[in-house]
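Data block below; observations after.
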There are 2 protein chains.
Amino acid sequence: MRIGELAKKLNVNPKTLRYWEEIGLLPPPKRDSSGYRVYTEEHLRLCQFILKAKAVGFKLDEIKEIISLIYSGTSPCKCVEEKIRSKIQEIDELIEELKLRKKILQEILKKRSNTPAYFCPIIESISTFEE
Amino acid sequence: MRIGELAKKLNVNPKTLRYWEEIGLLPPPKRDSSGYRVYTEEHLRLCQFILKAKAVGFKLDEIKEIISLIYSGTSPCKCVEEKIRSKIQEIDELIEELKLRKKILQEILKKRSNTPAYFCPIIESISTFEE
DNA sequence: ATAAACCTTCCACCTAACTGGAAGGCAAGA
DNA sequence: TCTTGCCTTCCAGTTAGGTGGAAGGTTTAT
């Protein structure tokens with residue numbers, strides 16, 4: 001299968017596939033007599049894996065590492081499990097940070113409804129700011 | 001106060017302050033006879049506001065807009081309140097997305113503990129992937 | 001007086017993950 | 001045959017929010 005067909009199946013831009021190859025994420029496929037890339041079903045499945053991993057928040061660098069762990073063979077599952085666990089922790093930390101931000105914003109709204117011209121302790125200064 | 005002093009008070013790089021000025025976030029201060037920027041207390045307070053807004057997740061573009069709303073005077077509080085509400089909603093959506101990702105990752109771990117060589121439906125293909 | 005520390009502008013570079021376009025080669029259908 | 005559409009490489013640009021460094025002027029402390 002050529003790059004356009006693979007790209008269509010994955011719903012990505014052909015340029016993206018070339019980019020993945022360039023950064024070492026996707027193994028370079030064989031070329032036909034005209035120099036066109038010829039992808040296999042394994043390439044398709046690997047790309048689907050990449051897309052799924054991306055969708056749950058892994059960066060391409062991390063996916064690359066996971067793929068090379070898988071290929072390395074030395075108890076890759078333990079390592080991949082580690083990666084997943086630390087990604088979950090990362091997500092947890094981000095959720096906590098977001099909840100904190102939300103709380104701060106909600107408090108600003110609450111204070112604002114009491115004292116009309118209030119946004120946060122700095123807004124008064126801003127209102128009177130002159131260049 | 002000159003740029004170094006302001007930067008120190010805010011704990012940011014002087015370059016950051018010039019950058020903020022460049023993108024129209026911070027009003028250009030007066031210059032002294034040597035061409036050095038001379039900031040006022042109002043600049044300091046505006047910068048503190050910028051940093052707080054950044055900390056709760058506003059982008060510089062959004063902060064710029066909020067600042068210009070405040071300056072515009074036409075019922076700015078209503079508009080700012082809108083911005084805050086939509087930022088809260090944005091945060092809520094992100095939290096939901098993150099929870100979903102976490103759930104997917106946890107399910108992968110659960111399945112993995114049952115069937116040792118399992119990462120996700122694609123891993124088998126990857127394991128047998130050959131270039 | 002002179003060195004260190006500060007300031008200026010300008011240009012370029014960083015991350016992340018692409019995307020666009022130019023210039024050119026090949027392929028498939030009418 | 002001709003046109004459309006695919007493919008190649010290479011170069012450069014995008015977003016967001018800065019950061020680094022060069023070349024040169026100023027100020028402050030010793």
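All chains are named by letter (A, B, ...) in the order of the sequence lines, taking the proteins before the strands, and each is independently numbered beginning at 1.
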Quiz item: Nucleotide range of DNA chain D contacted by chain B, 5' to 3', under 4.0 Å to a heavy atom?
Solution: D/dG17 to D/dT27
Quiz item: Do you know which two heavy atoms are closest between A/Tyr39 and A/Arg2, and how far apart they sit?
Solution: CD1-C, 4.1 Å
Using distance only, find each side-chain donor-acceptor pair of residues 88-98 of chain B under 3.5 Å and give its atom names and separation, not counting sequence neighbours.
| unit_1 | atom_1 | unit_2 | atom_2 | d |
| --- | --- | --- | --- | --- |
| B/Gln89 | NE2 | B/Glu93 | OE2 | 3.0 |
| B/Glu90 | OE2 | B/Lys87 | NZ | 2.9 |
| B/Asp92 | OD1 | A/Lys102 | NZ | 2.8 |
| B/Glu97 | OE2 | B/Arg101 | NE | 2.9 |
| B/Glu97 | OE2 | B/Arg101 | NH2 | 3.4 |

Quiz item: Same cluster or not: are B/Phe58 and A/Leu100 linked, directly or through other Ile, Leu, Val, Met, Phe, Trp or Tyr residues, by side-chain heavy atoms under 4.5 angstrom apart?
Solution: yes
Listing time: all N or O pairs from protein to nucleotides 12-15 of chain C that are below 3.5 Å?
none

Practice problem: Identify which nucleotide among C/dT8, C/dT19, C/dC18 has an atom closest to any side-chain atom of A/Trp20, counting heavy atoms from C-beta outward. | Solution: C/dC18
Quiz prompt | Whichever of A/Ser33 and A/Asn13 has its nearest DNA chain C nucleotide further upstream toward 5' | solution = A/Asn13
Quiz item: NA contact type, B/Ile23, heavy-atom cut-off 4.0 Å: base, sugar-phosphate, or nothing?
Solution: nothing
Self-check item: Value in whole Å for how far the P atom of C/dA5 lies from CD of B/Glu5
Solution: 18 Å
Self-check item: Partner residues of A/Tyr19 under the ring pair (Phe, Tyr, Trp, His ring centres under 6.0 Å) criterion, sequence neighbours left out
Solution: none
Quiz item: OP1 or OP2 of C/dC7 sitting under 4.0 Å from any side-chain N/O of B/Arg37?
Solution: no
Quiz prompt | Out of C/dT8, C/dA17, C/dG25, whichever nucleotide has its closest atom nearest the side chain of B/Arg18 | solution = C/dT8
Self-check item: Neighbour count >12 (heavy atoms, 6.0 Å) for atom CG, A/Asp32
Solution: yes
Quiz item: Is any NZ, NE, NH1 or NH2 atom of the basic residue among A/Lys9 and A/Glu5 found under 4.0 Å from an Asp or Glu carboxylate oxygen of the other?
Solution: yes
Practice problem: Tell me, yes or no, whether the heavy-atom count around A/Lys103 atom NZ, taken from other residues, nucleotides or ligands under 6.0 Å, exceeds 12. | Solution: no
Practice problem: Examine C/dT8: is either OP1 or OP2 under 4.0 Å from a nitrogen or oxygen in the side chain of B/Ser34? Give yes or no. | Solution: no
Sub-3.5 Å pairs of nitrogen or oxygen atoms, protein against nucleotides 28-30 of chain C:
none

Practice problem: Check ring pair (Phe, Tyr, Trp, His ring centres under 6.0 Å) between B/Tyr36 and all other residues, then give those that pass, not counting sequence neighbours. | Solution: none
Self-check item: Touch class at under 4.0 angstrom, heavy-atom based, for A/Lys54 against every strand present
Solution: sugar-phosphate
